[in-house]
Every structure is written in structure tokens, then in C-alpha cells.
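Notes follow the structure.
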Amino acid sequence: QVQLVESGGGLVQAGGSLRLSCAASGRTFKSYTMGWFRQAPGKERDFVAVITWSDGGAAYADSVKGRFTISKDNAKNTMYLQMNSLEAEDTAVYYCAFKNGGWYGSRWYQDRGRSGMDYWGQGTQVTVSS
């Protein structure tokens, strides 16, 4: 089992910034990826970004490219999502997720990640006021 705990959500004005954190604990794996997904009211859970823990390779949803940056701290087993130039459309509950195994390809995370990730955090609310 892997436990994931998100933090850092909150209320911010449009154009502002927030940084989300996801602390992982529990079972260890040789190769895995971690990512961020978000779910707005009445909508499906959507892929935001993913990072490969071994080499830091990352992929992003088109809607956040250039504004969000995913990163990790191996020593702390913590993943981050730096969100800049926030827009009202970014309002959602943000979830941290873990997938055992190697890199599945950015398309897999976009299309299948919402049901295919192995472990999920409890979510943290991000609200952007316009």
C-alpha cells in the first residue's frame, strides 16, 4: 500500500500562484510515476501532469502547459505542483496519484489515468476567483 497526502490548496485570485504538495509513504517500488489530476464539479477527473520518479521526465495537459510545473524531492518522497497564472477554469479538487511500473506514455495518463492509477490521495481544493 502507498499512502498519499496532499496539501497546499486554497483560495487565490486569478493570475495568482499556488504550490501543491503530495507526500508519499508506505511500500516502495523500483519504478513508478506520480501525477496530478483534477476534478471540477460535475466533470470527470482530468489529467494535469505526471512525473517519472527515476529521471524526472514529465508530461502536462495542454491546458496547463507553460503555467504549471511538476517536480519532486526524492529525499522527502514528495511531489509538487507549482501553479502560476491561475485562471478561474483551474478551480477543482486536485488529486495526487501513484502508478507502479515504468513510463506508460503521456497518452495513457491523459486517457486512462483517471481509472488506471494505483493509489490516490484524498484531494485538496483549489479555488480561483475571477
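- Heavy atoms only, all atoms of each residue included: Ser106 and Ala59 are closest at CB-CB, 3.8 Å.
- The side-chain tip of Arg114 does not point at the ring of Trp120 from less than 6.0 angstrom away and within 45° of straight on.
- The shortest distance between side-chain heavy atoms of Leu86 and Phe68 falls below 4.5 Å.
- Residues Met117 and Met34 do not share a hydrophobic cluster, clusters being chains of Ile/Leu/Val/Met/Phe/Trp/Tyr side chains in contact below 4.5 Å.
- Note on ring orientation: taking the six-membered ring where Trp is involved, the planes of Phe29 and Phe98 are tilted (angle from 30° to 60°).
- Between Ile70 and Gly35, the shortest heavy-atom distance links the atoms CD1-CA, 4.4 Å.
- Transitive grouping of hydrophobic side chains (ILVMFWY, heavy atoms separated by less than 4.5 Å) keeps Val126 and Val50 in distinct clusters.
- The two residues Ala49 and Tyr60 make their nearest non-hydrogen contact at CB-CD2, 3.6 Å.
- No side-chain heavy atom of Tyr94 sits under 4.5 Å from any side-chain heavy atom of Gln39.
- In this model, no donor atom of one side chain and acceptor atom of the other lie less than 3.5 Å apart for Thr91 and Glu89.
- Geometrically, Arg38 does not engage Tyr95 in a cation-pi contact, judged by NZ or CZ lying under 6.0 Å from the ring centre and within 45° of the ring axis.
- Note that the OG atom of Ser130 and the CD atom of Glu87 stand 11.0 Å from one another [nearest 0.5 Å].
- Side-chain contact check for Ser21 versus Glu6: every heavy-atom pair is 4.5 Å or farther apart.
- Under a hydrophobic clustering in which Ile, Leu, Val, Met, Phe, Trp and Tyr are joined whenever their side-chain heavy atoms come within less than 4.5 Å, directly or via other members, Val93 and Leu81 fall into different clusters.
- The ring of Tyr109 has its center no closer than 6.0 angstrom to the ring center of Trp36.
- Using cut-offs of 30° and 60° for the angle between ring planes, the Phe37 and Phe47 rings count as perpendicular.
- When every heavy atom of Asn84 is checked against every heavy atom of Ser17, the shortest pair comes out as OD1-OG, 2.9 Å.
- With Met83 as the fixed residue, the side-chain contact (heavy atoms from CB on, under 4.5 Å) test singles out one of Val64, Val128, Leu18, Thr69: Leu18.
- Hydrophobic clustering of Ile, Leu, Val, Met, Phe, Trp and Tyr side chains at less than 4.5 Å, counting indirect connections, unites Leu20 with Val48.
- Counted by atom type alone, Asp73 and Thr78 present zero donor-acceptor pairs between their side chains at under 3.5 Å.
- When side chains are defined from C-beta on, Gln3 does not count as touching Tyr119, because their heavy atoms never get closer than 4.5 Å.
- A heavy-atom distance below 4.5 Å is found between the side chains of Asp90 and Arg67.
- From Met79, atom CE reaches atom CG of Asn77 across 11.5 Å, with rounding to the nearest 0.5 Å.
- Here the straight-line distance linking atom OG of Ser54 with atom NZ of Lys30 works out to 11.5 Å at 0.5 Å rounding.
- Trp53 has its side chain out of reach of Thr33: every pair of non-hydrogen atoms, C-beta onward, lies at least 4.5 Å apart.
- Both the sub-6.0 Å distance and the 45° axial angle are not jointly satisfied by Lys99 relative to the ring of Tyr32.
- Cation-pi geometry between Arg19 and Tyr80 is met: the NZ or CZ atom falls under 6.0 Å from the ring centre, inside 45° of the normal.
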